[in-house]
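Everything below concerns the one structure shown next.
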Protein chains: 2
Amino acid sequence: MTALDRDAATPLWRQLQTDLEARLKSGEFAERFPGELALGEHYGVSRHTVRQALRQLRADGLVLAERGRQPRIAPASEIHQPMGALYSLFARVEATGLGQHSLVRALDVRADAVVADRLGLEGSTPLFHLERVRHAGDQPLALDRVWMPAEIAAPLLNADFTHTSLYAELAERAGVRLEHGSEEIHAVLPAAAERTLLHCSPTTAGFSIHRIGYSGGAPVEWRHTLVRGDRFALTADFSAQAGYRLRPAQTRTAAS
Amino acid sequence: MTALDRDAATPLWRQLQTDLEARLKSGEFAERFPGELALGEHYGVSRHTVRQALRQLRADGLVLAERGRQPRIAPASEIHQPMGALYSLFARVEATGLGQHSLVRALDVRADAVVADRLGLEGSTPLFHLERVRHAGDQPLALDRVWMPAEIAAPLLNADFTHTSLYAELAERAGVRLEHGSEEIHAVLPAAAERTLLHCSPTTAGFSIHRIGYSGGAPVEWRHTLVRGDRFALTADFSAQAGYRLRPAQTRTAAS
DNA sequence: CTCCTCATAATGTCCGGACATTCAAGGTAC
DNA sequence: GTACCTTGAATGTCCGGACATTATGAGGAG
């Protein structure tokens, strides 16, 4: 623990906040998170200051607090949905009731200088590579290609990707979860080879999505997905308050 | 002003907060927003309670507060950027330095049962209609069609839309600002007529964006935009904290 | 063993005060 | 008229205390 510096320019409560965040990440509070009074006594500050420091942590859901209850830290095992346009697309398909499965076309380790460069790695770095054609019901839906540093993704080489999600396997076998990333979405006309794989006509357009994903500040995946555009769409809500949010599934309910 | 009820189940600070929000919306604080001490004395509560009530309002940007400065309410005239995929697309184009202008193909009032239905209006409701081809530099960029209830948008009929933004005109002439909405983005192959307007080849795909926008709970616009897909892309960042956010312009700077 | 009661601990709410820091405006010296 | 200084007002930070409300577990009555 770092002692608080009462003469520093940064306020006490912020010092406390960053210190608590660090201790949280280190797993120090895995068993029990101390209460406000205990923290105040430990750091030598008033309860008011402790509450100010905890405010952000509680708002972010890192720490759970309720009246009368023992304070707890958020369950780390909670499955964070891999966000983004792809997730939104496939969740919508799932919501329609169609079963999804994948046809694995490649699953190996190879070197690719172009992709390695995009991941910020040396050109000769071995990369885990997975190429799948995703189906919804009987129809092919998307052509999905992923590259990840082999160092991280090696445990996935003997996984079965016909039904399971890459991110679920990644979290389980490698202990890595995507934290943030960025993607670029283009509207394209699939090439002949791609049309064959996706069983679509020459007049069908598609979404081409490039994504780079990070975990813990380091690039973890580079992905290129080509989605048939004739049956699938991105939908989103936006507002001044909530910003822009992709809608994962239809919210309209037939009930009542 | 509503007096606070100290025996109510809802906390004092929340009562204060909702009351202040109501007074804000009524325009009561247009000239001057009272300080914390003044509010405390006025409502008969401590400064601590006032600060708790103001916390949300300040976080939302409704009220601006800085040390030493007179508290102010957020400038109502501030132009809220019309969010969404379209704004993101066009802002990116603008960031490249290309000048934008539009070719107005239609600007009138007509009835359209299909569109009216999507807006939740009677089929015979007169609708303001604007159809433009947007250019970036010399090249056509998008075909943009907008329908709005004539009751709201009538003041826009004699506006010049070759250079100005629809939303800017709407805010200025009709006093209406888009508050929220939803959109659906498809990847399509433009039809022959559209290809002619957009000067693109038969192998060029495009984004087809349908949007419905609301202001004050009532539908205000229905819009269909077809964007050339060969030169433009949607880019977005996502993270567990901030969610999914379209990136309006390139953040990479060549400086330093 | 079961059910109820009660003590305990934790957060939520609210009050009071004090000092530091910063911005804006007005007044003064030149 | 301009530059500087002083003063006022406002928020930021931090402390102390008090009581209310709620969940949990221990202990006793039946």
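Below, read A as the first sequence line, B as the second, and so on, with proteins coming before strands; counting in each chain starts at 1.
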Using whole Å, report how far CD of B/E66 lies from P of D/dA10. 15 Å
Any B/R67 side-chain N or O less than 4.0 Å from OP1/OP2 of C/dT21: no
A/T10 or A/R69, whichever maps to the more 5' nucleotide of DNA chain D: A/T10
A/R58 near the nucleic acid: base, sugar-phosphate alone, or nothing, with a heavy-atom cut-off under 4.0 Å? sugar-phosphate
Donor-acceptor pair, A/Q15 side chain versus A/T10 backbone, under 3.5 Å? yes
Residue pairs passing the ring pair (Phe, Tyr, Trp, His ring centres under 6.0 Å) test where at least one lies in residues 14-37 of chain A, sequence neighbours excluded: A/F29-A/F33
Output the residues of residues 44-56 of chain B in contact with DNA chain C, where contact means a heavy atom of the residue under 4.0 Å from an atom of the strand; sort by number or write none. B/G44, B/V45, B/S46, B/R47, B/H48, B/T49
For the pair made of CD in A/Q15 and C1' in D/dT13, what is the distance, rounded to whole Å? 12 Å
Identify, between A/Q70 and A/P11, the residue whose nearest nucleotide on DNA chain D lies closer to the 5' end. A/P11
What's the CG-C1' distance between A/L12 and C/dT21, to the nearest Å? 16 Å
Residues which pass side chain to side chain donor-acceptor pair (under 3.5 Å) with B/R14, listed by chain and number, not counting sequence neighbours: none
Residues 146-173 of chain B vs salt bridge (Lys or Arg N to Asp or Glu O under 4.0 Å), sequence neighbours excluded, gives B/E169-B/R173
Grab the CD-C1' distance between B/E36 and D/dC14 for me, whole Å please. 14 Å
Who are the ring-ring contact (aromatic ring centres under 6.0 Å, His included) partners of B/H210, not counting sequence neighbours? B/W222, B/H224
Who passes salt bridge (Lys or Arg N to Asp or Glu O under 4.0 Å) against A/R47, sequence neighbours left out? A/E36
Rounded distance (Å) that lies between atom P of D/dT11 and atom CZ of B/R32: 9 Å
To the nearest angstrom, how far is B/R72 atom CZ from C/dA24 atom C1'? 12 Å
The criterion is salt bridge (Lys or Arg N to Asp or Glu O under 4.0 Å); which residues satisfy it with B/R132, sequence neighbours excluded? B/D144
For B/Y43 and C/dC15, give me the distance from atom OH to atom C1', rounded to whole Å. 19 Å
Counting only N and O atoms by type, is there a donor-acceptor contact under 3.5 Å from the side chain of A/E184 to the main-chain atoms of B/A233? no
Not counting sequence neighbours, which residues clear salt bridge (Lys or Arg N to Asp or Glu O under 4.0 Å) with B/R69? List them please. B/E66
Starting at atom CZ of A/F33, determine the distance to atom C1' of C/dT11, rounded to an integer number of angstrom. 13 Å
Base-paired stems that DNA chain C participates in, counting runs of 3 or more Watson-Crick or G-U pairs under 3.5 Å: C:1-30 with D:1-30
